[in-house]
Amino acid sequence: MSQISTINPATDEKIADYDVMSKEQAFDKIDASHAAFLDWRMKSHEERAPFLRDIAKGLRSNADALADLMTKEVGKLLRDGLTEVELCAQIFEYTAEHGPEMLADEERKHAGGEKRGIVAHCPIGVIYSIQPWNFPVYQPVRVLAANLMAGNSVVLKHAEICTGSGLMLKDICDKAGLPKGLFEVIIIDHDTSDEVIAHEHVRGVTMTGSDKAGRHIGQVATKHLKKTVLELGSNDAYLILEDADVALAVKTCVQGRLYNNGETCVSAKRFVVTEAVYDAFVTEFVSQMEAIKMGDPMKDDTQLGPLSSEGQFDTIDTQVKDSIQAGAKLLCGGNPKDETGQYYPATVLSDVTPGMPAYDDELFGPVASIIRAKDDEDAMKIANDSRYGLGGGIFTKDEDTAIKLARDHFDTGMIRINSFGAADPNMPFGGVKDSGFGREHGGFGMKEFTNAKAIYLP
């Protein structure tokens with residue numbers, strides 16, 4: 001039987017070994033999840049809600065241990081891990097409070113007559129959740145909470161490097177009283193994962209990760225006619241328009257680029273700066289990035305921890321070098337020290353143009369790409385010059401203009417105006433183009449894997 005090992009990216013020390021499951025073992029978990037679903041689907045939304053509230057309590061009770069493990073597995077700043085656990089507790093509470101109303105039956109009249117109808121949002125079965133490592137608890141929770149409320153069960157395949165976090169989440173759910181089988185965790189290889197998608201009891205597949213992986217999973221799921229939700233990568237553009245508050249833009253963009261060690265899908269990555277404020281923005285942005293303190297993610301005063309793994313470090317290092325080779329200018333950072341741990345410094349590249357990884361691809365680490373725009377119109381054009389479309393941002397003192405640009409021109413699923421943030425339980429989360437399709441949060445995620453059933457009455 002093969003094994004996987006989790007490694008602390010801050011120390012390069014092994015944390016734990018885990019046995020990889022056989023196909024038969026994984027299928028047993030799916031069968032158990034399906035059996036649990038058959039009972040769970042018969043409960044009302046109001047009857048499901050207390051289970052979610054109890055899981056929220058369990059998360060808060062175990063916040064220190066869970067945050068500590070996340071930091072050891074993926075290098076996340078400890079304080080960010082604690083914030084993540086609290087967000088997850090709030091997601092369960094939000095879903096428990098609002099789910100019954102959002103998923104309630106809808107009464108409708110037939111068009112042109114007095115006949116009645118009911119639209120019922122009915123659960124469909126086992127949902128296969130494939131999740132990445134950058135938010136080891138939040139990523140599976142946003143799927144789990146929504147689908148438990150909808151009446152489905154969930155089988156999680158987590159990223160290998162945070163296997164322990166996935167198993168601890170399951171343990172918390174079990175101890176909170178969630179019926180056995182409703183949430184299962186499987187430790188499997190990619191070939192077995194494809195067979196899981198094909199399993200007769202798996203009715204939906206949701207995946208967060210790269211667009212390359214999303215294409216493969218989407219194709220396999222489509223082959224077996226399974227509904228999918230894909231939340232994929234991005235290279236979000238933040239526009240610094242001609243009338244922007246430069247000080248606010250710099251402060252917010254530094255935060256947006258370095259949040260979660262720069263390993264966030266919906267974060268500031270490309271900074272499209274208009275000529276009018278270019279010099280002022282770049283000078284101060286580089287100054288603040290140079291001042292960032294990198295170090296032990298367990299310490300309170302650390303601002304930037306290590307990347308999640310040696311592989312992630314090598315990817316970022318190669319992308320930066322290839323961009324510089326193609327003509328990008330290194331303004332700060334780069335040149336990581338040869339030391340223990342996967343530490344990559346806060347880095348800024350300018351003169352970024354199409355054809356470079358820093359322009360075309362997702363830089364999943366603390367590397368900022370600065371792109372000069374002639375004016376506001378040009379900035380918006382550059383922002384949309386991407387195969388991705390997850391998020392973005394606009395800095396301007398004219399809120400009406402920002403709203404118009406966001407609504408009518410920005411080709412992404414989410415836009416921040418004069419601010420940065422990752423997610424909110426009451427707002428839809430998801431993207432367009434190569435950033436995937438489907439929505440989570442804001443009530444949308446609760447209905448993604450339900451059967452909108454039409455019931456006609458006389």
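Treat the numbers as computed from the prediction; the structure is a model and nothing was measured.
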(request) Answer yes or no for Lys337 and Tyr343: cation-pi contact, defined as NZ/CZ to six-membered ring centre under 6.0 Å and angle to ring axis within 45°. (result) no
(message) Do Lys76 and Phe135 form a cation-pi contact, if we require the NZ or CZ to be under 6.0 Å from the six-membered ring centre and within 45 degrees of the ring's axis?
(response) yes
(message) Please determine whether a side-chain nitrogen of the Lys or Arg among Glu448 and Arg439 lies less than 4.0 Å from a carboxylate oxygen of the Asp or Glu.
(response) no
(request) Kindly state each residue pair satisfying salt bridge (charged side-chain N to carboxylate O under 4.0 Å, His left out) with at least one member in residues 131-156, sequence neighbours excluded. (result) Arg142-Glu231, Arg142-Glu440
(message) Quick test of your reading of the model: are Arg79 and Asp301 salt-bridged, counting only N-O distances below 4.0 Å?
(response) no
(request) Could you tell me how the ring of Phe364 sits relative to the ring of Trp133: parallel (under 30°), tilted (30 to 60°) or perpendicular (over 60°)? (result) perpendicular
(message) Applying ring-ring contact (aromatic ring centres under 6.0 Å, His included) as the test, list every pair that has at least one member in residues 68-89; sequence neighbours left out.
(response) none
(request) Indicate yes or no: does Asp351 engage Arg372 in a salt bridge with an N to O separation below 4.0 Å. (result) no
(request) Please name the pair of heavy atoms, one in Ala346 and one in Ile292, separated by the smallest distance, quoted to 0.1 Å. (result) CB-CB, 4.4 Å
(request) Examine His98 together with Phe92 and report whether their ring centres are nearer than 6.0 Å. (result) no
(request) Apply the test side-chain hydrogen bond (donor to acceptor under 3.5 Å, both in side chains) to residues Asn261 and Tyr344: give CA-CA distance (whole Å), side-chain angles for both, the deciding distance (0.1 Å), then the verdict. (result) CA-CA 9 Å; Asn261 297 334; Tyr344 198 93; over 6 Å; no
(message) Classify the ring geometry of His34 against His201: parallel below 30°, tilted from 30° to 60°, perpendicular beyond 60°.
(response) parallel
(message) Does anything in residues 2-13 form a salt bridge (charged side-chain N to carboxylate O under 4.0 Å, His left out)? List the pairs, not counting sequence neighbours.
(response) none
(message) Per the salt bridge (charged side-chain N to carboxylate O under 4.0 Å, His left out) rule, what does the pair list look like for residues 25-36, sequence neighbours excluded?
(response) Lys29-Glu184
(request) Grab the two heavy atoms, one from Asn418 and one from Phe395, that are nearest each other, plus how far apart they are. (result) OD1-CA, 3.2 Å
(message) Check this for me: Glu284, atom CD, are more than 12 non-hydrogen atoms of other residues, nucleotides or ligands nearer than 6.0 Å?
(response) yes
(message) Students often mix this up, so state it plainly: with edges at 30° and 60°, are the rings of Tyr138 and Phe429 parallel, tilted or perpendicular?
(response) perpendicular
(request) Please find out if less than 6.0 Å separates the ring center of Trp40 from that of Phe183. (result) no
(message) Just to verify, what does Glu195 make a side chain to side chain donor-acceptor pair (under 3.5 Å) with, not counting sequence neighbours?
(response) Lys23
(message) The criterion is side-chain contact (heavy atoms from CB on, under 4.5 Å); which residues satisfy it with Arg203, sequence neighbours excluded?
(response) Ile124
